[in-house]
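Reviewing the structure listed below.
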Amino acid sequence: KAGVTQTPRYLIKTRGQQVTLSCSPISGHRSVSWYQQTPGQGLQFLFEYFSETQRNKGNFPGRFSGRQFSNSRSEMNVSTLELGDSALYLCASSLGLAGDTDTQYFGPGTRLTVL
Amino acid sequence: GIQVEQSPPDLILQEGANSTLRCNFSDSVNNLQWFHQNPWGQLINLFYIPSGTKQNGRLSATTVATERYSLLYISSSQTTDSGVYFCAVSFLSNDMRFGAGTRLTVKP
């Protein structure tokens, strides 16, 4: 069974641009969670989607948004990029809601650099 | 929200040594997981352990939910154990909140 895949793996953008990251969960998984990892703030929860609905949201500005498609693939979008958005963006999939299930499977991440 | 604190923040060991990593949390949790992030950034689930004790090879974990802490034991450490160990908890089926992690370096 294929693992969680994220594309692209690396991305360089400039301030003010927008970016879209993609995550394909493990087949059969209905939940996709997104996290931002930075050296200063650690691993921070962005949002979780389950069956195309946002179920939980972390404390991030409205520039961060996401969606989930009927095949459970998910995208997250960051508009008006700021230098502080440089980070490793991780997605994780699980059969049920992340808080209810025994295992989250993480993708390799997308490393975003904002210049 | 739930506070998750991990200690120690950094740990350096010689190969073959044993170690104990701790995770304290501020509220009752319905989900607690330990993860290992390797030097290339990949996060791997080690244990799902909201209570009780589990063992998997050289690794074991114990969670005492009534006292709000969990411990991860690594025995006979190997260089491949290096990386960052995270504890993540969830309360009432909300999102998983991660601690700041313990960075483990195992020297040959």
Side-chain angles (χ1 to χ4, degrees), chain A residues 3-6 8-11 23 26 29-50 53-60 64 66 86-113, chain B residues 1-10 21 23-25 27-54 56 59 61 63 65 70 83-104:
Chain A
V4 179
T5 58
Q6 292 187 244
R9 293 292 311 279
Y10 302 91
L11 207 47
C23 173
I26 291 173
H29 285 194
R30 297 168 66 188
S31 169
V32 173
S33 298
W34 288 90
Y35 298 86
Q36 181 196 65
Q37 187 175 25
T38 60
Q41 299 298 317
L43 262 164
Q44 291 187 286
F45 171 75
L46 279 158
F47 27 66
E48 179 178 15
Y49 286 85
F50 183 84
T53 301
Q54 187 181 89
R55 299 299 296 266
N56 288 305
K57 190 177 191 308
N59 189 26
F60 278 81
F64 292 82
S86 294
L88 179 66
Y89 289 87
L90 293 160
C91 85
S93 78
S94 52
L95 278 171
L97 288 172
D100 286 341
T101 58
D102 60 359
T103 305
Q104 278 190 291
Y105 296 86
F106 279 81
T110 294
R111 185 163 297 280
L112 172 65
T113 302
Chain B
I2 297 179
Q3 304 299 314
V4 185
E5 295 182 353
Q6 292 187 243
S7 59
D10 292 280
L21 284 58
C23 172
N24 291 337
F25 42 93
D27 210 335
S28 301
V29 296
N30 68 302
N31 193 328
L32 188 149
Q33 298 178 34
W34 283 95
F35 292 86
H36 175 229
Q37 187 171 38
N38 66 23
W40 296 271
Q42 180 68 53
L43 270 160
I44 302 293
N45 177 278
L46 297 175
F47 292 104
Y48 165 73
I49 189 161
S51 64
T53 297
K54 288 186 178 180
N56 184 4
L59 273 59
T63 297
S70 182
V84 183
Y85 289 82
F86 290 100
C87 164
V89 303
S90 174
F91 174 63
L92 289 180
S93 301
N94 277 326
D95 53 277
M96 298 296 289
R97 298 286 171 154
F98 282 74
T102 292
R103 181 174 299 277
L104 174 65

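Order of the sequence lines fixes the chain letters, A, B, ..., with proteins taken first and strands second; residue numbering starts at 1 for each chain.
Ranked by heavy-atom pairs under 4.5 Å with chain B, the first of A/L88, A/T103, A/L90 is A/T103.
Between B/D95 and A/N56 the shortest heavy-atom distance is N-ND2, 3.7 Å. Annotation for B/S90 and A/G99: closest pair OG-CA, 3.4 Å, computed over non-hydrogen atoms. The two residues A/Q37 and B/F86 have their closest heavy-atom pair at NE2-CZ, 3.6 Å.
Listed for the A/Q44 side chain is no donor-acceptor partner under 3.5 Å among the backbone atoms of B/F98. Using modelled atom types, no side-chain atom of B/N30 and backbone atom of A/D100 make a donor-acceptor pair closer than 3.5 Å.
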For a side chain to side chain contact (heavy atoms under 4.5 Å, CB included) check, start with the C-alpha distance between A/Y35 and B/M96, then their side-chain angles and the critical distance, and finish with the verdict. CA-CA 10 Å; A/Y35 298 86; B/M96 298 296 289; 3.6 Å; yes
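Heavy atoms from other residues, nucleotides or ligands lying under 6.0 Å from CD of A/Q54 number more than 12.
Partners of A/F60 according to the ring pair (Phe, Tyr, Trp, His ring centres under 6.0 Å) rule, which considers only residues two or more places apart in sequence or in another chain, are A/F64.
With a 4.5 Å cut-off on side-chain heavy atoms, A/Q104 and B/N31 do not count as touching.
Among the residues in residues 43-54 of chain B, those with a non-hydrogen atom closer than 4.5 angstrom to a non-hydrogen atom of chain A are B/L43, B/N45, B/Y48.
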